[in-house]
Amino acid sequence: MKFLFDDPAFDYQALRTAGYADYGGAQLGEVVAVASLIPNGDTEAWRHEWASLAERAHRMGAAARGEGRRDDARAALLRAHNYYRTAEFFQRDDPQGPEALRLMRLSRETFADAAELMDRPPEFVRIPYEDTSLPGYLYRADDSDGPRPLVIHHGGLDSTLEEGYFFVAAAAIAHGYDCLCFEGPGQGSVLRDQGLAFRPDWESVVTPVVDHALSLPGVDPDRVVLVGTSLGGLLAVRAAAFEHRLACCVAHDAVWQLGDVVALPPFVLEWVEQGHDDFANPVMWGIAAQQTFTRWLLRHALWTFDADTPAQLLRRLPAFALSDVIGQVRCPVLVLDAEEDLFFTGLEHAKKVYTGLNSPKTLHVFTADEGGGAHCHSGAMRLFHDRLFSWLLETLGADRSAAA
């Protein structure tokens, strides 16, 4: 489904940004207007125009806040947060450079400012993890003592802690769930500020988060849900194979293994296997240079998986897989798929995850005809939430919206 750009990477990211309009994170007219100013594949124009829009929304939010217009200020600041994130997205030649750091700092700060203006502001938390801590936002459905079900959410390869509000948290609190969003190694500020890269044994990340969640007042220990988005769909199912205190798990969307995601000529893979990195690396850099998406993906993955070369990266990816552990999952799992997924089309990841599960399971495929066929159903968040909370209602029992 084409949205605003011929370049697939630009088109999907614009759809992703626009899709958060359902929960106040964008305004369609602003998205269409800024897209008209950006040539396909011009990542510098992308950064400049989205940053200009973010700054304009930021000024609107600051002015409204100064005048005591709480709702207008919150709305403008939520949009500014999302636009700053979008402006930074393709800054991968130097992800720790001053401009990338500036944009992500502003994205985090404007979200925090908007969160203070929500009807029930979320609590920023630090979750104990090994010898450090992980950042999180705890969203409460109401001020009662509970007990209430809790959704724990983490993102994937490139999502941020704040993005969890649009992915799950806003809908969760509307349905009477508390929601704890967090970032783990390889993600957001944990990567930027602490230098922690992705690890395949994601249960080592989720278990301390569950420990922390169960220490919170008002949490029903029998109704703790884990939702993982994008690559997080693989990581969440992996964690569920070991963390049996989860009532259920949602793969949004399902990923079977990372080793087969990178499409390369067989001879390049043979070179990597044989250790001929001096042949393989230049070819992989050359392939990546031909498309915005592959160039971004390679540079981003090198950073998030802490690899020095493309060949080293390829050797690390196969460890991120479910085949050896999926039989250990005990809880019900909702396996989601997207018909036109930019990243996984034709690889049957969801089918493999669904087939491999021995626990209660449900497979749902979102289609292009209904507008949900894009990766993680960007542009159709309400459709995704309808399926998600319908399944949770069946699996865990009534929620507040159902009772209403």
Side-chain angles (χ1 to χ4, degrees), residues 7-10 12-13 16 41 43-44 46-47 85-104 154-161 163 183-202 205 229-235 238 255 257-265 267-321 342-344 347 375:
D7 183 293
F10 275 25
Y12 175 74
Q13 292 307 323
R16 174 179 175 176
T43 55
E44 178 55 26
W46 177 279
R47 180 203 63 79
R85 180 197 60 78
T86 304
E88 189 277 337
F89 188 83
F90 290 105
Q91 299 292 295
R92 287 301 171 267
D93 288 343
D94 189 6
Q96 293 287 60
E99 180 63 356
L101 292 176
R102 182 185 77 89
L103 292 169
M104 287 313 295
H154 60 73
L157 184 65
D158 56 72
S159 41
T160 66
L161 169 63
E163 209 173 358
E183 285 175 335
Q187 300 173 326
S189 63
V190 179
L191 175 66
R192 287 185 188 275
D193 301 340
Q194 301 182 58
L196 300 180
F198 277 115
R199 56 187 295 175
D201 57 336
W202 200 250
V205 179
T229 295
S230 192
L231 168 60
L234 182 156
L235 299 174
R238 160 79 197 208
V255 183
Q257 62 180 21
L258 286 187
D260 65 357
V261 171
V262 182
L264 289 168
F267 65 85
V268 176
L269 299 176
E270 289 176 9
W271 284 341
V272 172
E273 202 172 290
Q274 295 163 5
H276 297 312
D277 294 13
D278 52 340
F279 296 156
N281 286 325
V283 172
M284 284 189 278
W285 280 120
I287 292 172
Q290 296 174 26
Q291 290 184 329
T292 307
F293 170 66
T294 51
R295 184 169 64 251
W296 169 85
L297 180 61
L298 178 56
R299 291 191 178 279
H300 187 80
L302 286 169
W303 179 39
T304 56
F305 290 93
D306 192 26
D308 294 324
T309 67
Q312 187 182 67
L313 173 65
L314 283 189
R315 295 191 188 100
R316 292 189 178 174
L317 294 183
F320 293 80
L342 175 67
F343 303 97
F344 306 123
L347 297 176
H375 178 65

Side chains of L161 and S189, heavy atoms from C-beta outward: is any pair under 4.5 Å? no
Backbone N/O of P95 and side chain of R192: donor-acceptor pair under 3.5 Å: yes
Are Q96 and W303 side-chain neighbours, meaning at least one heavy-atom pair lies under 4.5 Å? yes
Mind listing the closest non-hydrogen atom pair of A288 and T294 along with its distance? O-OG1, 3.2 Å
Heavy atoms of G186 and T304 approach each other most closely as O-CG2, 3.7 Å
Worked verdict on L103 versus E99 for side chain to side chain contact (heavy atoms under 4.5 Å, CB included): CA-CA 6 Å; L103 292 169; E99 180 63 356; 3.8 Å; yes
Is there a donor-acceptor contact under 3.5 Å from the side chain of T229 to the main chain of G232? no
Let me know which of D158, D94, D93 forms a salt bridge (charged side-chain N to carboxylate O under 4.0 Å, His left out) with R299. D93
Can you name the closest pair of heavy atoms from V255 and L231 and give their distance? CG2-CA, 4.4 Å
With a 4.5 Å cut-off on side-chain heavy atoms, are L235 and F198 touching? yes
So CZ of F89 and OH of Y12: to nearest 0.5 Å the spacing works out to 8.5 Å
Step by step, would you call L258 with F305 a side chain to side chain contact (heavy atoms under 4.5 Å, CB included)? CA-CA 12 Å; L258 286 187; F305 290 93; 3.7 Å; yes
Taking every non-hydrogen atom, the tightest pair across A321 and Q257: CB-CB, 3.6 Å
Between CG of L157 and CG of L234, what distance do you get to the nearest 0.5 Å? 11.5 Å
For a quick test of reading the model, state the closest non-hydrogen atom pair linking S230 to G156 and the distance between them. CB-CA, 4.4 Å
I need the minimum non-hydrogen distance between R199 and P185, along with the two atoms involved. CD-CG, 4.3 Å
Does a side-chain heavy-atom distance below 4.5 Å link L313 with M284? no
Are any non-hydrogen side-chain atoms of T86 and R16 less than 4.5 angstrom apart? no
Does atom CD of E273 have more than 12 heavy-atom neighbours from other groups under 6.0 Å away? no
Could you label the plane-to-plane angle of the W271 and F267 rings as parallel, tilted or perpendicular, counting under 30° as parallel and over 60° as perpendicular? perpendicular
Evaluate E183 against Q194 for side chain to side chain contact (heavy atoms under 4.5 Å, CB included), listing each step before the verdict. CA-CA 12 Å; E183 285 175 335; Q194 301 182 58; over 6 Å; no
Quick one, R238 and D201 - any side-chain contact, counting heavy atoms below 4.5 Å? yes
Could you tell me if Q312 and R315 have a donor-acceptor pair between their side chains, going purely by distance under 3.5 Å? no
Please report the interatomic distance CD(Q274) to CG(L269), rounded to the nearest 0.5 Å. 11.0 Å
Tell me whether Q187 contacts the main-chain N or O of G155 through its side chain, where contact means a donor paired with an acceptor under 3.5 Å. yes
Roughly how far, to the nearest 0.5 Å, is the OG1 atom of T309 from the CG atom of L302? 7.5 Å
Do you know which of F293, F90, W296 makes ring-ring contact (aromatic ring centres under 6.0 Å, His included) with F10? F90
Heavy-atom distance under 4.5 Å between the side chains of V283 and L264, does that happen here? no
For the atom pair CZ (R295) and CZ (R92), what is the distance rounded to the nearest 0.5 Å? 13.0 Å
